[in-house]
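This report refers to the structure that appears directly beneath it.
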Amino acid sequence: MLEFFHGLIFASDAALVALAGGAFLVLAVVALLAERWRNARVRIDRIGWVPWTGVFLFSAVIGAGLMALAIPALLKGG
């Protein structure tokens, strides 16, 4: 486990931004699946309290933006 953090300490800024973007995109997929699960509920009165559509949109936009910034630098070798 420490080797993973050791690798993050010496990672480039582009790699760290790409990791953050990937984490946001994973969160967006989880929010999308949660929204689909909520729409397929059996009891119509149990809707929950998390705004999954907003979480999805926020996470997808931030994740895509971070990945768009990181990919060119990673391709150059930075």
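Every value quoted in this text rests on a predicted model; they were computed, and no experiment measured them. Quick note: residue numbers are just sequence positions, from 1.
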Closest approach of A73 and A14, non-hydrogen atoms and distance?
->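 For A73 versus A14, the nearest heavy atoms are CB-CB, 3.6 Å.
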Pairs meeting criterion salt bridge (Lys or Arg N to Asp or Glu O under 4.0 Å) with involvement of residues 62-72, two or more places apart |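 Pairs touching residues 62-72 that pass the test: none.
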Pairs satisfying salt bridge (Lys or Arg N to Asp or Glu O under 4.0 Å), at least one member in residues 52-65, at least two apart =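 Matches after skipping sequence neighbours: none remain.
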Output all residues satisfying side-chain hydrogen bond (donor to acceptor under 3.5 Å, both in side chains) with R41, sequence neighbours left out; order by chain, then residue number.
->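 Checked R41 against side-chain hydrogen bond (donor to acceptor under 3.5 Å, both in side chains); zero matches.
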Quick one: side-chain hydrogen bond (donor to acceptor under 3.5 Å, both in side chains) partners of R43, sequence neighbours excluded?
->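 So R43 forms a side-chain hydrogen bond (donor to acceptor under 3.5 Å, both in side chains) with D45.
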Distance-only criterion, 3.5 Å: show the donor-acceptor pairs between side-chain atoms of residues 24-40 and protein atoms not counting sequence neighbours.
| from | atom 1 | to | atom 2 | distance (Å) |
| --- | --- | --- | --- | --- |
| E35 | OE1 | R38 | NH2 | 2.7 |
| R38 | NH1 | I47 | O | 3.4 |
| R38 | NH1 | V50 | O | 2.9 |
| N39 | ND2 | E35 | O | 3.4 |

Other ILVMFWY residues reachable from V61 by side-chain steps of under 4.5 Å |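 Besides V61, the hydrophobic cluster comprises nothing; the residue is isolated.
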For the atom pair CG (L66) and CD1 (I71), what is the distance rounded to the nearest 0.5 Å?
->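 Nearest 0.5 Å value for the CG-CD1 distance: 11.0 Å.
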Joint cluster assignment, V17 & F58, ILVMFWY side-chain distance < 4.5 Å =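 Yes; F58 is reachable from V17 via cluster members.
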